[in-house]
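A note on names: the letters A, B, ... follow the listed sequences, proteins ahead of strands, and every chain is numbered from 1. Values below: all heavy atoms of this structure, side chains included; hydrogens, waters and symmetry mates excluded.
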Amino acid sequence: MRKYDFKDIEKKWQKFWDDNNTFATSKDYSKPKFYALVEFPYPSAKGLHVGHPRSYTALDIVARKRRMQGYNVLYPMGWDAFGLPTENFAIKNHIHPEIVTRDNISRFKQQLKNLGLSFDWNREVSTTDSSYYKWTQWIFLQMFKKGLAYKKEMAVNWCTSCKCVLANEEVVNGKCERCKSDVIRKNKSQWMLKITEYADRLIDDLDSVNYINPVKIQQKNWIGRSYGAQVEFNTTAGDKLEIYTTRPDTLFGATYMVISPEHPLIDKWKDNIENIDEILAYRETVSKKSEFERSEMNKEKTGVRIVGVNGINPVNDKEIPIYVSDYVLMSYGTGAIMAVPAHDSRDYEFAKKFDIDIVEVVSGGNIEKEAFTDCSSGKLINSEFLNGLTVEDAKMKMLKWLEKNKKGKAQTNYKLRDWVFARQRYWGEPIPIIHCPKCGEVAVPENELPIKLPNVSDFEPTENGESPLSKIDEFVNVKCPKCGCDAKRETDTMPQWAGSSWYYLRYCDPNCNDALASQKELNYWLPVDWYNGGMEHTTLHLLYSRFWHKFLYDIGVVSTKEPYAKRTSHGMILGQNGEKMSKSRGNVVNPDDIVNEYGADTIRLYEMFMGDFEKSAPWSSSSIKGCRRFLDRVWSLQDILQGDSIRPEFEVSLNKMIKKVTDDIENMKFNTAISSMMAFINEVYDSKVVTKEEFRILIILLSPFAPHIAEELYEVLGYGGYVHEQDWPNYDADKVKDDAVEIVIQICGKIKSKLTVPVDINQDEVIKLAKEDEKIKAELKEKKIIKEIYVKNRLLNIVVK
RNA sequence: GCGGGCGUGGCGGAAUGGCAGACGCGCUGGUCUUAGGAGCCAGUACCAUUGGUGUAAGGGUUCAAGUCCCUUCGCCCGCACCA
């Protein structure tokens with residue numbers, strides 16, 4: 001037998017698959033389809049991370065298995081290639097981002113090919129190709145036409161280093177998610193997408209998809225729907241002050257009000273407010289705090305009472321003070337609240353500090369000590385017509401009262417904000433809009449798409465924060481498509497999330513010229529059957545792409561309400577020391593090195609074996625040797641090959657292995673699938689023989705995990721054909737059971753003895769046999785049997801006194 | 001603070017409420033070898049003498065709990081005053 005030369009073997013089969021287009025998606029639409037999707041990578045200059053293959057190998061295994069089970073499988077790959085790091089790299093090194101992107105893609109592609117992943121490379125897409133972003137722009141135009149894309153002057157998150165607007169989601173602890181620089185607030189007119197219009201559907205339709213639970217929960221929390229009431233309070237200044245509350249039942253307990261420092265009524269009341277200087281000074285201090293400081297400050301509440309204007313509680317006409325405090329946000333609800341210190345912990349803290357009345361209106365807590373916020377127990381008190389009701393009933397009754405007396409109405413609010421959809425950068429999709437002095441914002445005619453990025457040498461952001469595109473006159477100056485007069489092109493570009501919001505649609509028909517993909521292909525392939533990706537994309541990419549899909553559904557482009565039928569998530573791979581891999585920690589593992597030293601099959605196997613797929617796991621350079629050793633042992637089975645058919649005494653373990661591997665792949669329990677194959681070959685080695693058919697089944701089961709060695713062995717052993725063409729083995733349900741089983745005999749739940757009995761024997765026989773057992777006899781002596789519990793093929797528990 | 005998850009040998013991790021520690025790493029001993037950082041074989045939770053104890057700690061449900069319920073502690077992730 002020749003040595004297991006993984007380098008030759010892997011090179012040989014990778015070339016074979018490439019030359020023969022082995023994994024090209026079939027056009028045979030009569031077959032059942034299976035669309036497997038993994039998040040396409042951002043091709044950074046750093047190259048592939050060992051985390052990438054974890055996700056890609058997992059669905060590669062599923063895809064390969066499904067092909068062998070007769071499905072028409074689409075398993076594509078592409079590049080999410082617009083984005084800041086490439087642009088910053090380009091600026092620093094004076095290389096055009098297009099060239100940087102091209103080089104990075106070719107490196108990534110080679111690295112992926114070295115892993116033997118069965119992607120259909122004929123369907124490769126890149127978000128930076130103009131034939132691709134033509135359709136990104138097209139989707140934007142459809143949103144613009146439906147009023148979902150709009151411009152708005154607003155305070156935006158401004159990264160001082162990137163010189164760029166960030167979405168709320170991209171700001172982490174007041175710092176830019178990418179470069180960690182300070183983020184400040186800046187007023188700017190920005191393109192926005194009205195994702196809030198889809199908030200309800202983005203929550204409610206989660207019921208129709210098979211996502212792992214944490215993903216559903218995170219999406220729901222992010223959207224943050226709450227049901228409550230909008231209530232009008234009169235003020236002594238005459239103006240009405242609107243507040244939002246989720247606890248209309250506690251209105252009788254409202255002892256003061258709070259408005260946000262940015263609230264416009266402050267300016268209106270300038271002349272009524274006796275301490276206006278103090279209020280404006282407070283507003284000034286607050287505005288100077290960065291978002292980060294503001295959240296750091298949340299230990300101690302601050303605020304100032306407005307002297308000269310009071311609010312009037314609509315339910316009892318009592319005058320109550322109004323405060324200004326930064327614990328109320330202008331961006332949520334109405335920017336004003338009624339404060340019920342007895343039943344809200346923030347209001348409680350504030351009231352204690354400013355010595356404001358605390359009126360208990362729900363019994364059951366101890367308001368001397370803390371706010372009572374529990375809604376499930378307690379009855380209303382001190383609340384006139386609500387007294388004695390539960391919180392739920394009181395809410396309903398108060399809502400009716402408010403509506404009847406025209407003091408308020410039911411109102412649903414969301415934490416979700418509209419999506420800031422513009423970046424003042426070069427390396428992104430140009431927004432296809434023209435600003436005309438007469439017609440305003442005008443859509444670029446669809447036949448002029450794509451609006452290509454002009455090829456320039458200077459892509460540094462401008463000092464005033466405008467996009468570098470604004471410096472290019474021939475790009476900027478155009479005629480208005482409507483009236484023909486001189487107009488200017490929009491120079492902002494789209495955020496990185498744009499291209500990744502619909503890439504799974506393009507894979508269905510990547511070369512389509514007259515639509516983002518043809519109806520026929522979309523109808524056949526949608527929805528994605530299984531989408532795996534990281535938890536870090538749950539609130540950004542996943543939400544955005546669901547939003548775009550729903551919009552495309554509404555305008556008739558796609559026929560499913562949801563893009564992804566199933567969403568799973570892989571855990572992170574940590575460094576050897578259990579910390580996140582990073583250059584600064586010096587714990588980065590380069591997949592190329594592992595492929596070189598151990599081979600692609602070994603790294604694939606190891607990443608699937610290292611632990612629970614959904615949990616993070618530290619890299620171990622010694623554990624990986626065990627996986628390599630296993631492949632060596634599989635290879636060496638050739639030494640003990642003897643005989644043809646499956647030996648009768650191996651029927652059971654073979655069928656058990658088939659069942660285990662088959663089921664475990666579907667449940668993403670790749671680690672135990674592999675361990676069952678390890679256990680099988682250990683058993684085979686103990687018998688010193690493997691037969692041709694036993695070996696063949698093992699090779700087929702192993703092939704999705706370690707495809708190169710499997711192809712090679714299949715060929716070398718002369719089974720005929722290729723392993724990837726074989727049918728996935730079925731197990732025989734009758735043969736996954738042993739003839740005899742070992743049954744545990746317990747006395748009062750403690751194991752006292754074990755019996756080997758024929759499978760499926762009945763309770764009476766087991767009890768009879770147990771009572772003949774010497775150890776059990778001794779245990780039962782002078783004891784009274786109270787109860788006998790028999791679990792078939794497992795145990796007998798005798799309870800005695 | 002809120003939401004989610006987790007806590008099992010020296011390590012990664014297995015266990016439809018039914019034999020805790022599968023499988024792998026590491027370690028120990030043996031074997032083959034000029035050699036072994038290769039291979040193969042055996043052993044490997046803890047305490048002790050038959051036997052007993054063990055799944056973060058404590059309590060509960062059950063004939064039976066790593067698994068279900070309650071309390072506490074610790075770690076990880078997400079969100080940060082969302083009224």
>> Need to verify one output field. Residue with the more 5' nearest nucleotide on RNA chain B, A/Lys787 or A/Val744?
In response: A/Val744
> Of A/Gln746 and A/Met678, whose nearest nucleotide on RNA chain B comes first from the 5' end?
Replying inline: A/Gln746
Does a salt bridge link [X] with [Y], judged by any charged N lying under 4.0 Å from a carboxylate O?
X        : Y        : value
A/Asp249 : A/Arg247 : yes
A/Lys395 : A/Glu392 : yes
A/Asp663 : A/Lys659 : yes

Is it the case that more than 12 heavy atoms not belonging to [X] sit under 6.0 Å from its [atom1] atom?
X        : atom1 : result
A/Lys771 : NZ    : yes
A/Lys777 : NZ    : yes
A/Lys353 : NZ    : yes

For the [atom1] atoms, the ones on [N] and on [M], what distance do you get once it is rounded to whole angstrom?
N     : M     : atom1 : value
B/C25 : B/G37 : C1'   : 15 Å
B/G54 : B/C46 : P     : 16 Å
B/U72 : B/G78 : C1'   : 24 Å
B/C11 : B/A64 : P     : 32 Å
B/G52 : B/A56 : P     : 23 Å
B/C40 : B/A45 : C1'   : 27 Å
B/C68 : B/G4  : P     : 15 Å
B/C63 : B/G17 : C1'   : 12 Å

Report the distance from atom [atom1] of [X] to atom [atom2] of [N], rounded to the nearest whole Å.
X        : N     : atom1 : atom2 : answer
A/Asp326 : B/A80 : CG    : P     : 16 Å
A/Lys750 : B/C63 : NZ    : C1'   : 13 Å
A/Tyr598 : B/C25 : OH    : P     : 12 Å
A/Gln763 : B/C63 : CD    : C1'   : 12 Å
A/Leu755 : B/G18 : CG    : C1'   : 16 Å
A/Leu540 : B/G78 : CG    : P     : 12 Å
A/Glu579 : B/C77 : CD    : P     : 11 Å
A/Tyr227 : B/A83 : OH    : P     : 13 Å

>> Quick check: A/Phe6 with A/Trp635 (ring centres under 6.0 Å apart)?
In response: no
> How about A/Phe609 and A/Phe630: are their ring centroids closer than 6.0 Å?
Replying inline: no
Between the side chains of [X] and [Y], is a donor N or O closer than 3.5 angstrom to an acceptor N or O?
X        : Y        : answer
A/Ser653 : A/Glu683 : yes
A/Arg633 : A/Asn682 : yes
A/His541 : A/Glu39  : no
A/Ser569 : A/Tyr211 : no

> How are the rings of A/Phe670 and A/Phe613 set to each other: parallel, tilted or perpendicular (split at 30° and 60°)?
Replying inline: perpendicular
At 4.0 Å (heavy atoms only), tell me whether [X] reaches a base, stays on the sugar-phosphate, or touches nothing.
X        : result
A/Thr246 : sugar-phosphate
A/Ser226 : sugar-phosphate
A/Ile751 : sugar-phosphate
A/Glu788 : nothing
A/Glu742 : base
A/Lys688 : nothing

>> Can you build the contact string for nucleotides 2-17 of chain B? Use B for base contact, S for sugar-phosphate-only contact, and - for no protein heavy atom under 4.0 Å.
In response: -S--------BSSSB-
>> Can you build the contact string for nucleotides 26-45 of chain B? Use B for base contact, S for sugar-phosphate-only contact, and - for no protein heavy atom under 4.0 Å.
In response: S------------SS-----
>> Test: salt bridge (charged side-chain N to carboxylate O under 4.0 Å, His left out). Region: residues 607-619 of chain A. Which pairs qualify, not counting sequence neighbours?
In response: A/Asp612-A/Lys615
Name every donor-acceptor pair, under 3.5 Å, that has one atom in a side chain of residues 223-232 of chain A and the other anywhere in the protein, sequence neighbours excluded.
unit_1, atom_1, unit_2, atom_2, d
A/Arg225, NE, A/Tyr227, OH, 3.2
A/Arg225, NH1, A/Asp200, OD1, 2.5
A/Arg225, NH1, A/Asp204, OD1, 3.4
A/Arg225, NH2, A/Asp204, OD1, 2.8
A/Ser226, OG, A/Tyr244, OH, 2.9
A/Ser226, OG, A/Tyr332, OH, 3.2
A/Gln230, NE2, A/Glu242, OE1, 2.8

> Of all of residues 249-258 of chain A, which get a heavy atom below 4.0 angstrom from RNA chain B, listed by number?
Replying inline: none
> When syn is taken as a glycosidic angle within 90 degrees of 0, is B/G9 syn or anti?
Replying inline: syn
> How does RNA chain B read in dot-bracket, base by base from 5' to 3', with Watson-Crick or G-U pairs under 3.5 Å and | used when the partner is on another strand?
Replying inline: (((((((..(((.....[....)))((((((.......))))))(((...)))..(((((..]....))))))))))))....
>> By nearest atom, which of the nucleotides B/G18, B/C23, B/A80 is closest to the A/Trp222 side chain?
In response: B/A80
>> Heavy atoms from C-beta onward define the side chain here; which of B/C81, B/G24, B/G18 lies closest to that of A/Leu795?
In response: B/G18
>> Please confirm whether the shortest side-chain N or O distance from A/Asn682 to OP1 or OP2 of B/G24 is below 4.0 Å.
In response: yes
> Distance check: side-chain N/O of A/Tyr332 vs OP1/OP2 of B/A83, anything under 4.0 Å?
Replying inline: yes
> Passes ring-ring contact (aromatic ring centres under 6.0 Å, His included), A/Phe350 versus A/Tyr323? Steps please.
Replying inline: CA-CA 10 Å; A/Phe350 192 87; A/Tyr323 286 78; 5.3 Å; yes
> Would A/Asp738 and A/Lys656 count as a salt bridge (Lys or Arg N to Asp or Glu O under 4.0 Å) if you check the C-alpha gap in whole Å, the side-chain angles of each, and the deciding distance to 0.1 Å?
Replying inline: CA-CA 10 Å; A/Asp738 288 291; A/Lys656 274 187 182 168; 2.9 Å; yes
